[in-house]
There are 2 protein chains.
Amino acid sequence: MTTINDVARAAGVSAATVSRVFNGGRVTAERAERVRRTAAELGFSPNRVARSLRKQRSSVIGLIIPDIENPFFTSLARGVEDAAQQTNLSVVLCNSDEDVEKERRYLEIALAEQMAGVIVAAASRNRTDLSPLAARGMPVVAVDRRPRGASVDAVMVDNQHGGEEATAHLLSEGYERVACITGPEGASTSEERLAGFRTVMSDHLRERGEDQARLREYIRYADFRVEGGRAAMEDLLRLPEPPDAVFVANNLMTVGALEALREAGTLPPETGVLSFGDVPWASLVHPSLTTVQLPSYDLGWTAAGLLQDRIGGVDRPLQTLVLRTSLQVRASTGGPSAD
Amino acid sequence: MTTINDVARAAGVSAATVSRVFNGGRVTAERAERVRRTAAELGFSPNRVARSLRKQRSSVIGLIIPDIENPFFTSLARGVEDAAQQTNLSVVLCNSDEDVEKERRYLEIALAEQMAGVIVAAASRNRTDLSPLAARGMPVVAVDRRPRGASVDAVMVDNQHGGEEATAHLLSEGYERVACITGPEGASTSEERLAGFRTVMSDHLRERGEDQARLREYIRYADFRVEGGRAAMEDLLRLPEPPDAVFVANNLMTVGALEALREAGTLPPETGVLSFGDVPWASLVHPSLTTVQLPSYDLGWTAAGLLQDRIGGVDRPLQTLVLRTSLQVRASTGGPSAD
DNA sequence: GGGTCTGTTGAAATCGATTTCTTTCAAGAC
DNA sequence: GTCTTGAAAGAAATCGATTTCAACAGACCC
């Protein structure tokens, strides 16, 4: 492993000069050229560990996500990475596995490794603690979920709007009895999506002069997982008057709901299904599955941008950016069959 | 940020003693206790950058994969991570995006960051160059694909066996004209899977006394992507005597093939489809889709084990482990319909 | 009592870069 | 000719840990 001193000796200059050549100090053209040539010959590349130690900052940013197997987060990761490429930062990805303890360990590593900054999709809104990072002045951006009380920049999704859009779309297609399967009670993402559903359905029922109480009957809380979605859908199907459409608050539960519907023999478009978040491949098979597209890639890209600003020393008040969802209509099947 | 010197001063000992307390040196019980208490009070955690510089090795292993959005690789990543947890190594994940240049950059970073070791699923069998790492004595394990000429440990999938198993299964279900859509010509994974197909089909045709030439007609090379799978399937369907079953050599192309089949109105089980590699969600919707399960998680787990052995200094000849695939039969639909 | 051994300890060297501090030298001003 | 100014370059300090080395104290044996 050739070091800066090897290069210095071979080029007949001091280590300081070599460093200046690579970091934009003042060096006469002739020497700079000689240093560069020697460095190339020896295959020198600066030791990042030593550099980080001296600079008290590495050129790596950490990205902590709760589920590496969820396409939403991998797409987000792509966004972060592409943005980081532009400024020579490298991204290291850490999978907290929805486990606050594992996440804590990774946050500690980020500190101990003196990473330039961290982007976190928190494992828990309540228990994720970003304060140690903030305390030591490490730039942090929260993405998708903002831990309670954390004073950091954030990039979020407009969940309520997405819920409204989804529900309105199902109604516009002619479905009448629209249900909602949302995530855990208390989780902000599931509550916000549900709120969107409530708003639109409530208006709809009022216009129709129908009983608002029906709204509640068609709401199920589940756990954002396949099995939970399935159970909730089965439960809805057992109602005396089952829904003819359902808004499912995430992609995994949608898979479960589709399973339940398949068993009941009432697949889309007979029963309308609208998923919050893309269901990457099932949608190829189920052309009538409309989804609320989450701006996952943009979330990552935007978060990385904010982080880089902070790393660069930009001094402005904390920001929260909210990105909108968009409805992806796969095929206009005209809604429920008319029989 | 409290350093080891702060702790030393506060505890009235030397930095060397503090270091020994945390690294298992000989220190009298009384002092050790005092140091530990002081460290806890000051919230000291050793600076990993400084430690890495001194030890010339960090406690991070790199995992370089070519496509973070492919569930095969994310599952592999889980395996690596779970295995690494056990020895306090942390894993950082880098996405080479099937780009040899990007991959080269990450390999360089691994060196410059003095990572403890690297696990690589190479972007290219020909052009990925692992020799710089090997030259500097950094432990490397290749996984899934072994770059040509690289002398490193490797963990591979038994592609040929998987291809045989898949083809045999389709025949056993009663399909007659089985086709194969494989990856790019020259790629080892696609050639091996195809070889498995050829072996079994060739035997089958011979037994039946049929013309071996038919084998070739039913083979298509594509690109391991959705669109390629679709195009290949469309092409096969245009044959005067289209296949009644197809073995598709990866998950993404299977999605494409299913699209083509849906348009042609001959979905499984009417036309048999067997995917090499899981198609996570489509399979929930297409119960009759049998898949060759790749041991992705185990690949990661095993590779991490090999790497840790090397990091620990185990000295044994280079090893290549080959893991078998397993057939996952989703539902015995009894093969093609009898009409 | 002198000599050897062993177990603790701290001072100092070390890892490899960056950055500060000096020194040197030359150009330009008066 | 002297003084000022500024650029260029090297020597040395620095980052924060680990590790080597030397010093020392106490136990033990002749």
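Naming convention: chains lettered A, B, ... in sequence-line order (proteins, then strands); numbering from 1 in each chain. As a basis for the values below, the full set of heavy atoms in this structure was taken, side chains included, without hydrogen atoms, waters or symmetry mates. From a predicted model like this one, the values you see are computed outputs, not experimental measurements.
In this structure, of C/dT8, C/dT9, D/dA9, it is D/dA9 that holds the atom nearest to the side chain of A/Arg20.
Checking the phosphate oxygens (OP1, OP2) of C/dT9, a side-chain nitrogen or oxygen of B/Thr28 falls inside 4.0 Å. Phosphate proximity of C/dG10 to B/Thr17: present, with a side-chain N or O under 4.0 Å from OP1 or OP2.
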* To do: Please lay out, stage by stage, how A/Arg20 and A/Arg31 fare under the test side chain to side chain contact (heavy atoms under 4.5 Å, CB included).
  => CA-CA 11 Å; A/Arg20 285 193 267 259; A/Arg31 276 166 170 250; over 6 Å; no
* Residues B/Arg105, A/Glu81; criterion salt bridge (charged side-chain N to carboxylate O under 4.0 Å, His left out); working and verdict -> CA-CA 13 Å; B/Arg105 272 208 298 278; A/Glu81 215 173 66; over 6 Å; no
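Going from atom CZ of A/Arg148 over to atom CG of A/Asn126 covers 4.5 Å, rounded to the nearest 0.5 Å. Distance CD/A/Glu103 to CZ/A/Arg127: 9.5 Å, rounded to 0.5 Å.
At the heavy-atom level, A/Val18 lies nowhere under 4.0 Å from the strands shown. Counting any heavy atom pair closer than 4.0 Å across all strands shown, B/Arg31 reaches sugar-phosphate atoms only and no base atom.
Within a 6.0 Å sphere centred on CZ of A/Arg225, other residues, nucleotides and ligands contribute 12 heavy atoms or fewer.
B/Ser75 places no side-chain N or O within donor-acceptor distance of the main-chain N or O of B/Pro71, the cut-off being under 3.5 Å.
Rounded to whole Å, atom C1' of D/dA8 lies 12 Å from atom CD of A/Glu30.
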* Structure fact -> Counting primed atoms, P, OP1 and OP2 as sugar-phosphate and everything else as base, the B/S/- map of nucleotides 12-17 of chain D against protein heavy atoms under 4.0 Å is -BBBBB
